[in-house]
Amino acid sequence: MSASNTARSYGSVTKTFHWLTVLLILTAIPLGIIANGLPYDTSEALAFKAFLFSMHKTVGITAFFLALARIVWALSQPKPAGLHPERRAESFLAELVHWLLYGSLLLVPITGWIHHASTAGFAPIWWPFGQNLPLVPKSETLAALTAGLHIVFERVLVVSILLHVIGALKHHFIDKDDTLRRMLPGKTEAGTPHASNKTVPLVAAVVVWFGAMGIGSALGIYNSHSEIAPVAELEEVQSDWTVNSGTLALSITQFGSEVSGSFEDWTADITYAEQEGPGSHGSVTAIISIGSLTLGSVTGQALGPDFFNAEAHPTAEFNAELMFQADGYTAEGTLSIRGNAVPVVMPFDLSVDGNEATMSGRLTLDRRDFKIGDNMPDESSLAFGVAVNIDLTATRSP
């Protein structure tokens, strides 16, 4: 059997591409579905879920490069003619499905890959080339969008595969022609070369993709977690110092890799007055909206009942005295998360220039003190230490 196609038969290279693609897709899709539905309520369960997701991603990336190679090869080869050109509707549908298949074989893995690169943590791709993509930033919004598109295009791919299989079986068992046999091992020639319009099916495929994207938008599938997780609305505070800008960031270590995120919504009631000598120079009361957390690909897990439990405990609170000693400033008080109040001492740097102040603090917490992740009692999957970084600028209120 020839490696190349002819006008009446498929060559061995095309057949190899076809059946390798079938194998990879029939592996990647079930892996993703199974992994997505698995629990992560123990260290072992989380590790197994991450293993399946890594396998899913790795197989998906392999399928993407295989699809690229397959398309390049197809462009260099004649395509055997359809066996029933007189059946115009059937021929149009066959071309449409082929366009949907080729396009979706690229769109599904590339959107999954961009989602992976735009977020952090959980289930790496098994290869030595890193986890990032050029020109793809770490972005919760981009991650949510591409995660939704990945699902939408995967649905289009699945429907296209089903239609493709149904068409092949119809040709084989009802029409009893050689359409399916031309893609099986061995050389089968069939069909008579004829002109066909490929532009209209391609335009129709684009319409299908955009229609599917529109349905996804109507269903809210592109929403980020912050739009669907319970986010406490915080009351405005009247403070001696008004925070102009700031970040409340945290970093965890999962499976040996650092995952960073931040709380987008929090308030701080600050009193501070410069004075001579050590002692209390003021106080702070901070309220944090737990549901405003973004933490890469593990955001949903972090907000869940085994961790922050944002639904039952929508806010955290930090009350502290701003103490000054010879070696610098500390905020000494109590941090309450999930109803667990824990004494904390946070060293911080403070610079005051007239009515403008800049503050930077660092703190390492033990998640076990707040009963966060009690279902993971060792550090094999999730480290005990949580690094918290606070940076803000504030203006003295008139």
Under a side-chain separation threshold of 4.5 Å, the hydrophobic residues clustered together with V136 are I61, F64, F65, L68, I71, L75, Y102, L106, I110, W113, I114, I125, W127, F129, L133, L142
Open item on the list: Whether E90 and K170 form a salt bridge (side-chain N of Lys/Arg under 4.0 Å from carboxylate O of Asp/Glu) is what I want to check.
Closed with: yes
| Are H150 and L107 close enough that some pair of their side-chain heavy atoms sits under 4.5 Å apart? | no
| query | Do the ring planes of W126 and F51 sit parallel (below 30°), tilted (30 to 60°) or perpendicular (above 60°)? | reply | tilted
The complete set of ring-ring contact (aromatic ring centres under 6.0 Å, His included) pairs with one or both residues in residues 334-367, sequence neighbours excluded, reads Y329-F348
Legend entry - D175 bridged to R87 by N-O distance under 4.0 Å: yes
* Output yes when E311 and R338 qualify as a salt bridge under the 4.0 Å nitrogen-oxygen rule, no when they do not. => no
Rounded to the nearest 0.5 angstrom, the OG1-NE2 distance for T111 and H116 is 13.5 Å
Review point. Is the charged tip of R368 near the ring of F384: under 6.0 Å from the six-membered ring centre and within 45° of its axis?
Key: yes
Note to self: Does the plane of the ring in H98 sit parallel, tilted or perpendicular to the ring in H164? Use 30° and 60° as the thresholds.
What the structure shows: perpendicular
### Task
Indicate yes or no: at least one non-hydrogen side-chain atom of V152 is less than 4.5 angstrom from one of I215.
no
Interatomic distance, CD@E189 vs OG@S9, rounded to 0.5 Å, equals 4.5 Å
Here the gap from I290 atom CD1 to H313 atom NE2, rounded to the nearest 0.5 Å, amounts to 10.0 Å
Hey, can you pull the donor-acceptor pairs under 3.5 Å for the side chains in residues 29-44, sequence neighbours left out?
from : atom 1 : to   : atom 2 : distance (Å)
T42  : OG1    : A45  : N      : 3.0
S43  : OG     : S381 : OG     : 3.2

Exercise for review: State whether the number of non-hydrogen atoms from other residues, nucleotides or ligands found under 6.0 Å of R88 atom CZ is greater than 12.
Suggested key: no
